[in-house]
4 protein chains.
Amino acid sequence: MAYEFKVTRRIEFSETDMAGIVHFSNFFRFMEMAEHGFYRALGYSVIMDQFDPPLGFPRVHAECDYRKPLRFEELLEIHLLVKEKRPRVLTYLFKFRNVTAEPVEIARGILAVVCVSHTPGKMEAVSIPPELASQIEAAPAEMLI
Amino acid sequence: MAYEFKVTRRIEFSETDMAGIVHFSNFFRFMEMAEHGFYRALGYSVIMDQFDPPLGFPRVHAECDYRKPLRFEELLEIHLLVKEKRPRVLTYLFKFRNVTAEPVEIARGILAVVCVSHTPGKMEAVSIPPELASQIEAAPAEMLI
Amino acid sequence: MAYEFKVTRRIEFSETDMAGIVHFSNFFRFMEMAEHGFYRALGYSVIMDQFDPPLGFPRVHAECDYRKPLRFEELLEIHLLVKEKRPRVLTYLFKFRNVTAEPVEIARGILAVVCVSHTPGKMEAVSIPPELASQIEAAPAEMLI
Amino acid sequence: MAYEFKVTRRIEFSETDMAGIVHFSNFFRFMEMAEHGFYRALGYSVIMDQFDPPLGFPRVHAECDYRKPLRFEELLEIHLLVKEKRPRVLTYLFKFRNVTAEPVEIARGILAVVCVSHTPGKMEAVSIPPELASQIEAAPAEMLI
């Protein structure tokens with residue numbers, strides 16, 4: 001049973017804005033990147049076309065609180081934690097740490113994704129397939145603080 | 001006194017993803033675009049370098065709820081409403097409508113920005129300058145529902 | 001017969017980088033945006049799913065020469081000109097002008113796109129459909145200088 | 001003396017478009033990412049503020065030829081080669097290989113960057129500082145084919 005995933009990435013020039021810091025919208029790309037890494041670590045891709053009809057995980061809610069700026073070439077650690085598992089919805093908490101030097105938490109995000117089946121012209125919420133759901137559990141409460 | 005701003009934009013190909021819909025992170029760029037248009041309509045730019053030290057408005061919180069997908073070439077209306085005005089923080093509500101045909105609300109977002117002064121190597125929260133603050137008020141409660 | 005298209009857009013904050021100017025990769029998004037506007041002006045979308053199999057226009061070559069920087073909130077005019085029309089390939093020239101004040105040419109780009117048909121798992125170069133090709137011609141040579 | 005640099009990255013969902021492949025504009029971000037990694041490997045950052053006035057490397061030309069599509073989660077190798085070294089301008093060649101399975105060249109790019117000094121309100125082309133220039137040489141001709 002898995003409830004966390006970590007990935008580190010170096011900030012690229014194209015991710016900065018004229019304020020000299022990472023543009024706030026990029027933190028949502030970083031969350032998604034960690035989420036997809038989490039599925040890969042479990043042997044899955046977010047594009048689950050081994051199912052018929054194929055499944056996907058569109059986002060229904062996303063949020064982020066920004067505490068400190070992040071700059072070009074700094075190292076960002078994205079720590080995904082499963083916040084809640086429901087039959088059709090997974091909610092993730094993300095702790096962003098600047099690990100260039102002494103690790104410092106700089107932002108915190110949330111992403112809620114719903115499992116849907118794709119039939120031509122239609123998306124319908126469905127239960128997360130048991131093969132995947134059985135591998136995922138919510139993180140211990142003390143890690144979600 | 002201003003409390004709202006509307007802008008319409010056509011979805012670009014580069015804003016879609018392989019699911020065939022607008023990538024969720026772009027809604028945060030769209031919010032910011034409307035926010036900056038709001039300041040321009042009041043005669044200001046978000047980069048307020050007529051002040052000394054110059055002022056800026058970094059984001060401290062951003063969130064979005066997604067209800068319906070949005071596709072290439074569709075027309076998106078972004079309706080900014082001032083949700084709350086505090087001495088140092090402005091909170092905006094955004095109603096996203098697909099106005100390609102009959103208008104349909106497809107998403108709703110929130111952005112909280114804090115006024116800071118930029119001195120070399122330092123950002124410090126300060127009061128929104130009265131010239132700008134005096135032109136902005138919270139939207140009527142019934143518009144924020 | 002059409003051989004040009006113009007569109008103006010205001011530079012967004014998210015399009016700048018820490019050098020305080022528009023990130024160079026965005027000029028390629030701007031070219032594509034003008035190209036798609038050109039097709040729309042002719043009554044087409046770049047996603048031509050009224051054909052069977054559906055047609056698309058992937059890029060085979062893109063280039064840009066940068067002469068002057070472009071900044072936040074400045075107005076950019078993108079002037080598309082048809083440089084060459086071949087049976088399967090369209091080549092466009094783009095003149096980028098900063099029209100915030102006195103117009104100044106700031107960059108120049110080229111995009112070559114090939115018409116392909118999409119059958120499951122396969123893309124194949126095909127002739128541009130006559131309905132579309134018959135509406136497009138190369139711009140006069142003196143405009144391409 | 002250095003004349004090449006390699007980096008591998010996994011394609012992210014946000015880098016795809018509705019055609020199901022990597023959006024062509026991202027290849028320019030990938031080139032820049034490899035260029036900056038090349039400077040870091042030599043002990044430099046592209047933001048050279050240890051010099052007075054600080055130096056930068058704006059792009060003056062960028063181009064890319066696309067041969068094969070690249071998809072979500074595939075592994076992309078970016079191989080930077082120094083194509084030409086002039087006193088103020090460095091030109092790089094990039095070979096893009098899909099290395100998910102048997103390596104296949106999928107695109108090829110060029111980037112020309114000019115060394116400039118930043119004084120307030122002005123950018124001026126200057127010679128690349130000898131400490132950096134002395135570490136860089138053009139790649140052997142046979143590697144540039």
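Keep in mind that what you see is a predicted model, and the values were worked out from it rather than measured. Labels below follow one simple rule: chain letters A, B, ... track the order of the sequence lines, proteins then strands, and each chain is numbered from 1.
In this view, His36(A) and Phe13(D), Phe72(D) satisfy the ring-ring contact (aromatic ring centres under 6.0 Å, His included) rule, not counting sequence neighbours. With sequence neighbours excluded, no residue forms a side chain to side chain donor-acceptor pair (under 3.5 Å) with Arg10(A).
Heavy atoms only, all atoms of each residue included: Phe24(B) and Arg59(A) are closest at CD2-CD, 3.6 Å.
Chain B forms the most heavy-atom pairs under 4.5 Å with one residue out of Met123(A), Arg29(A), Glu63(A), and that residue is Glu63(A).
For residues 15-23 of chain A, heavy-atom neighbours of chain B at less than 4.5 Å comprise Met18(A), His23(A), sorted by residue number. Near-neighbour residues of residues 132-145 of chain B relative to chain A, defined by a heavy atom under 4.5 Å from a heavy atom of that chain, are none.
Ring planes of Phe28(B) and Phe28(A): parallel class, angle under 30° (limits at 30 and 60°).
To the nearest 0.5 Å, atoms SG (Cys64(B)) and NE2 (His61(A)) are separated by 9.0 Å. Taken from CE in Met31(A) to OG in Ser25(B), the straight-line distance is 10.5 Å, to the nearest 0.5 Å.
Other residues, nucleotides and ligands contribute at most 12 non-hydrogen atoms within 6.0 Å of the NZ atom of Lys83(A).
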